[in-house]
Enquirer: 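Would you mind keeping the following structure in view while I ask a few things?
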Amino acid sequence: MKENYQPDEIEKIAQEYWQQNDSFKANIDQNKEKFYCLSMFPYPSGNLHIGHIRNYTISDVIARLQKMQGKNVLHPMGWDAFGLPAENAAIKNKCNPADWTYNNIDTMKGLLKKVGFGYDWNREITTCDPEYYKWEQWFFTKLYEKGLAYKKLSHVNWCPNDKTVLANEQVEDGRCWRCDTKVELKELSQWFIKITAYAEELLADLDTLDDWPEKVKTMQRNWIGKSEGTEVEFIVDSKHEYTNIPNSIKVFTTRVDTLMGVACLAISPEHPISNVLANKHPQIKQFISDCMTTGSSEAELAKLTKKGIATNISVIHPITKASVPLWIANFVLMGYGSGAVMTVPAHDQRDFEFATKYNISFKQVITNTDNTADINDSAFTDLGILCNSGDFNNLTSAEAKQVITSKLTVANLGEKQINYRLRDWGVSRQRHWGVPIPMLYLEDGSIVSVKETELPVNLSQAITHDDSTSSLTIDENWKHTSLNNAKATRETDTFDTFMESSWYYAKYCSTAKEQMLDPKEANYWLPVDQYIGGIEHAVMHLLYARFFHKLLRDTGLVASDEPFKKLLCQGMVVADSYYKLDKDGVKDWISPSLVDKTTCKIKVTGEDVTHAGISKMSKSKNNGVDPKAILEKYGADTLRLYTMFAAPAEQSMEWSENALEGSHRFLRRFYSYAIKNISIKEVPTLDKNNLSTSQREFRRLIHKTIEKVSMDFNQRLSFNTGIAAIMELNNELLKLNCQETNSLVLAREAVITIIKLLAPIAPHISHYLWQKLPNNTTDIINTPWPTFSSEALAQDISKYAIQVNGKLRASIEVSIDLPEEDIKQQAISNPNVNKHINGKAIKRIIFIPNKLINIVI
RNA sequence: GCCCGGGUGGUGGAAUAGGUAGACACAAGGGACUUAAAAUCCCUCGAUCGAAAGAUCGUGCCGGUUCGAUUCCGGCUCCGGGCACCA
């Protein structure tokens, strides 16, 4: 037995043991309760960073804990292997993205094993494997058959210089990240999946997710954005010079009570009418093309200066029959609603600013109860009472919404409508490194899906090493094929990588090769009992996966309605960042490990550096930490313990190597004590009836710790406080005087307890010490989690804080069975309390059992 | 711009249902051991006043509810995440 803690040796021993015994292999066992624990799989960038370590340590702790609690645990891992970085690396290094990706997977897998994560590697998934994406392609063809997949025109960011489509990430300040050219919008025909058909269910089922963070559910509700309102139809005044103008324009509004205050109608620059007008009027054409010189992200569009241009078309107000001018405005989005809005400047701030800028006249039609609402400086946006609204005057906004909607319905010029902010999911990407969309275009113009027997449509092996085009578009052999002897051309776009990550959790459950999922296997394991991942995925990934699960259900592949029962979103890992300015004034980022924090100087050279605050660990700020170096220096258990101890799982975590050393010290202290304790072979049983007060207290602490740690690890997922409790027990254990037999017995009980409590967090040290226990033939991962005895927790004194007018003045200890009145008397007669009562009359005494007494004077 | 979070000692954090603010740890300072260093062990550690007992203040800012607010409500401010083609 090693006297000193040597993590490298004991970690090797434990990891070899798990490997040899295939300890984490998951098999269906109908006699056991199952537990499916999953963390979001990584993109194989080649670097495992501390954020990954944090994510996977959380899931490993939960998985190991559940195993100790007797559950049949599934804890798999895989690789989200398609994506932009591989393409960028392939261009930069003139290599094949597949080679780059598989190399990275090798490196990262080796590291994950070194951290001791208990995965069932038999179920590993790599999304760029045709065996995986074949079924994604198959599923898409099913969606197409059901009418849930369709093509439509949609915008992309276009670099006119590189002649390439850019991802939002590749647009910096409206310019191409490679050549700095101004980005434009370009319209392309693309594939969409009808997520909007499931909007209502995706919204309603959020209420069934009791174990999801409320903030995530709120974000998803807002993203889906259900709003109830009215669709209003404005007839186009036929006195105009154009052909191909529709007879009417429909708008959706949640504030139909303000209909009498409509100042104008605004349509999107991409509205079909805008197109017709552009052909006749150069100014309008110019305006529309100006609107296209922008990126496509919503954040960018929202920050645009609001601008518009008047047209010579007018529409007819559905109630007053007055003429209403038609405008084209850049803030009206074609993708949302009908691409047209009614503007009511008096009661909408954006419309107010628009009307003010272009001198469009408007009137107030809503006021408040005391008629003080004023629209001189800004819009009055509250609900209220109608004014200047003819027959509708004096109705409340709520009444008016009903009355006006029915009036429009009768006139056949409107109806009640529910609208969603959620848009259909555009899945086409003009990229090489993705799943080919399994569709064929025939010469007669028809579109057909690739037959099941022809799947998978493998990626072309040709590589362009050129950013301007996807390899799929230039590989003529790949592109041209045939269907029933007719010439056919393949779809050259690939899927959004969110497609692969929307169903991988289900594929882990099913080992079947001949079908997408084996429902029997899938339904044994699903839904995922605990899902863990970053908060940045709160909306998109988690919404797409929920949507996909419902699609899988409706295809008969799974039985449940939701994929993830319980969700934990962990925070980011952040660190200090430092820089010095080079001679050109460019920031040279210095790794925090080279900097003396207190003096802000580089340790070796003594050069001054500037502290740039605390930010997310990143390459660009050079403040990342390589887990490999930490593993070598301190071992996996220290790294795991520290990442769980440093901050609550949901909050951002600050990296500090000093604090990490503290965690290492704790393991070392416990190890040395445990080794000495374990070397005592024969330990008698506890003589419960002859415990001294301090022995009773220590025994109580052991059981209190079990209670707290079980609660913290299991229910609260508050690992940092659970670890703090284990540390407290260890501190008391080290202070324990073991001269007496009972103390020695209790010390052994404490050692065994700490080994068990620590097993999910620091599994190697626990494995090793457990193996060294005298007369032991079991392993710790299959050992039951400890339970506490309520008899040991019983107390005979109780502590009270005594307040006078809410301020703490004393604290007292009383016998647990002392009556309330006697405790109050003792409180009042306490000298310091008495001093503060100072003879004044006592108005009230608040009594909280076993906690507090507040004397109000 | 819109949606969602967060702000507590020198630092990371604790306070689980409105009830003793600062558990646990880091850093710092003092001491023991040592030829010395490392390691280890012991003590101090929110601010101000005080010899002490104790007192006053203190959880981003302003206000409210309450016997009592880090916790609930209203308003602000700063920081972070997301915004549909980064994953």
Side-chain angles (χ1 to χ4, degrees), chain A residues 40 42-43 45 80 82-85 156-157 165-171 213-216 218-219 221-223 225 296-304 331 335 350 421-431 496-498 501 534-541 543-544 569 571-572 574 597-598 613-616 642 645-648 650-656 658-663 665-666 668-669 672 708 711-712 715-716 718 720-721 723-728 731 734 799-803 805-811 832 835 843-846 848 851-857:
Chain A
M40 291 177 188
Y43 176 79
S45 63
D80 189 14
F82 278 126
L84 268 183
V156 292
N157 300 309
V165 176
L166 299 176
N168 283 338
E169 193 194 41
Q170 300 172 314
V171 179
E214 206 50 55
K215 62 175 172 182
V216 175
T218 307
M219 279 189 264
R221 277 188 197 107
N222 292 338
W223 185 266
S296 64
S297 79
E298 190 178 299
E300 214 173 322
L301 294 171
K303 279 183 231 163
L304 287 179
F331 56 82
R350 185 187 62 191
R421 199 186 79 99
L422 183 69
R423 311 198 293 255
D424 275 340
W425 179 10
V427 296
S428 293
R429 296 292 179 272
Q430 297 69 43
R431 305 267 158 213
D496 176 7
T497 55
F498 272 125
S501 55
I535 185 67
E536 66 273 22
H537 296 293
V539 176
M540 304 197 65
H541 160 61
L543 188 67
Y544 289 140
C569 291
M572 292 180 311
V574 295
K597 264 182 106 166
T598 45
I614 290 168
S615 54
K616 185 175 172 174
Y642 173 66
F645 178 60
E650 312 81 31
Q651 280 178 35
S652 63
M653 178 192 119
E654 199 173 310
W655 181 262
S656 149
N658 273 328
L660 177 102
E661 280 179 28
S663 296
R665 254 197 304 270
F666 160 70
R668 217 160 45 203
R669 272 209 302 259
S672 328
K708 176 159 177 64
M711 178 57 109
D712 283 357
Q715 273 94 49
R716 297 180 63 212
S718 172
N720 56 329
T721 54
I723 292 167
I726 301 174
M727 287 175 169
E728 279 182 74
N731 290 344
L734 265 53
K799 288 178 188 170
Y800 280 87
I802 317 297
Q803 298 180 334
N805 280 354
K807 290 198 176 200
L808 182 71
R809 296 304 176 193
S811 55
N832 199 45
K835 193 174 102 193
K843 281 192 199 158
R844 248 172 105 176
I845 298 179
I846 314 278
I848 312 291
K851 269 218 169 107
L852 171 140
I853 294 169
N854 186 12
I855 300 163
V856 186
I857 54 170

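Just the heavy atoms: all of them, side chains too, but no hydrogens, waters or symmetry mates, feed the values below. Letters A, B, ... are given to chains in the order of the sequence lines, protein chains preceding strands, and every chain is numbered from 1.
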Enquirer: Using the side-chain heavy atoms of Arg423(A), tell me which of these nucleotides is nearest: rU56(B), rG81(B), rA84(B).
Expert: rA84(B)
Enquirer: Within the structure, does a side-chain N or O atom of Asn658(A) lie under 4.0 Å from either OP1 or OP2 of rA28(B)?
Expert: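 No, no such contact exists.
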Enquirer: Please confirm whether any donor atom in the side chain of Glu661(A) sits under 3.5 Å from an acceptor in the base of rC26(B), or the reverse.
Expert: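 Looking at the base of rC26(B), it does not pair with any donor or acceptor on the side chain of Glu661(A) (distance under 3.5 Å).
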Enquirer: For rU65(B), give the paired nucleotide (Watson-Crick: N1-N3 plus N6-O4 or O6-N4; G-U: N1-O2 and O6-N3; both under 3.5 Å), or none.
Expert: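 Its partner: none found.
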Enquirer: What does rA17(B) pair with, Watson-Crick or G-U, if both distances are under 3.5 Å?
Expert: none
Enquirer: Under a 90° cut-off about 0 for the syn range, is rG9(B) syn or anti?
Expert: syn
Enquirer: Can you tell me if the side-chain N/O atoms of Arg809(A) get under 4.0 Å from OP1 or OP2 in rA55(B)?
Expert: yes
Enquirer: Enumerate the protein-to-nucleotides 70-80 of chain B contacts in which both atoms are nitrogen or oxygen and the separation is below 3.5 Å.
Expert:
none

Enquirer: Which word best sums up how the rings of Tyr544(A) and Phe498(A) line up, parallel for under 30°, tilted for 30 to 60°, or perpendicular for over 60°?
Expert: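 Ring orientation of Tyr544(A) relative to Phe498(A): tilted.
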Enquirer: Is any side-chain nitrogen or oxygen of Arg665(A) closer than 4.0 Å to OP1 or OP2 of rA38(B)?
Expert: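 Looking at the OP1 and OP2 atoms of rA38(B), neither is under 4.0 Å from any side-chain N or O of Arg665(A).
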Enquirer: Find the distance Ile726(A):CD1 to rA25(B):P and express it as a whole number of Å.
Expert: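 It works out to 12 Å between those atoms.
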Enquirer: Let me know the distance between OH of Tyr642(A) and C1' of rC24(B), rounded to the nearest Å.
Expert: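 Distance check: Tyr642(A) OH to rC24(B) C1' gives 14 Å.
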Enquirer: Quick one: Leu166(A) CG to rC85(B) P, roughly how many Å, whole number?
Expert: 14 Å
Enquirer: Rounding to a whole Å, what distance do you find between Ile845(A):CD1 and rC67(B):P?
Expert: 16 Å
Enquirer: Mind calculating the distance between CG (Asn168(A)) and P (rC83(B)) to the nearest angstrom?
Expert: 8 Å
Enquirer: Please state how far atom CG in Leu543(A) lies from atom P in rG82(B), giving the value in whole angstrom units.
Expert: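 It works out to 16 Å between those atoms.
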Enquirer: Which base, if any, makes a Watson-Crick or G-U wobble pair with rA27(B), both distances under 3.5 Å?
Expert: none
Enquirer: Quick one: look up who rG1(B) pairs with, Watson-Crick or G-U, both distances under 3.5 Å, and put none if it's unpaired.
Expert: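 Its partner is rC83(B).
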Enquirer: What one-letter contact string describes nucleotides 1-9 of chain B from 5' to 3', where B marks a base within less than 4.0 Å of any protein heavy atom, S marks contact via sugar-phosphate atoms alone, and - marks no contact?
Expert: B-SSS----
Enquirer: Between P on rC83(B) and CG on Asn157(A), what's the gap in Å once rounded to a whole number?
Expert: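 The distance from CG of Asn157(A) to P of rC83(B) comes to 13 Å, rounded to the nearest Å.
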Enquirer: For Phe498(A) and rA84(B), what is the distance between atoms CZ and C1' respectively, to the nearest whole Å?
Expert: 9 Å
Enquirer: Now, which nucleotide makes the Watson-Crick or G-U wobble pair with rA53(B), with each of the two distances under 3.5 Å?
Expert: none
Enquirer: Kindly say if Arg429(A) contacts the phosphate of rC85(B), meaning a side-chain N or O under 4.0 Å from OP1 or OP2.
Expert: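 Arg429(A) to rC85(B) OP1/OP2: side-chain N or O found under 4.0 Å.
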Enquirer: How does protein reach along nucleotides 16-23 of chain B, written 5' to 3' as B (base within reach of a heavy atom under 4.0 Å), S (only sugar-phosphate), or - (no contact)?
Expert: B--BB--B
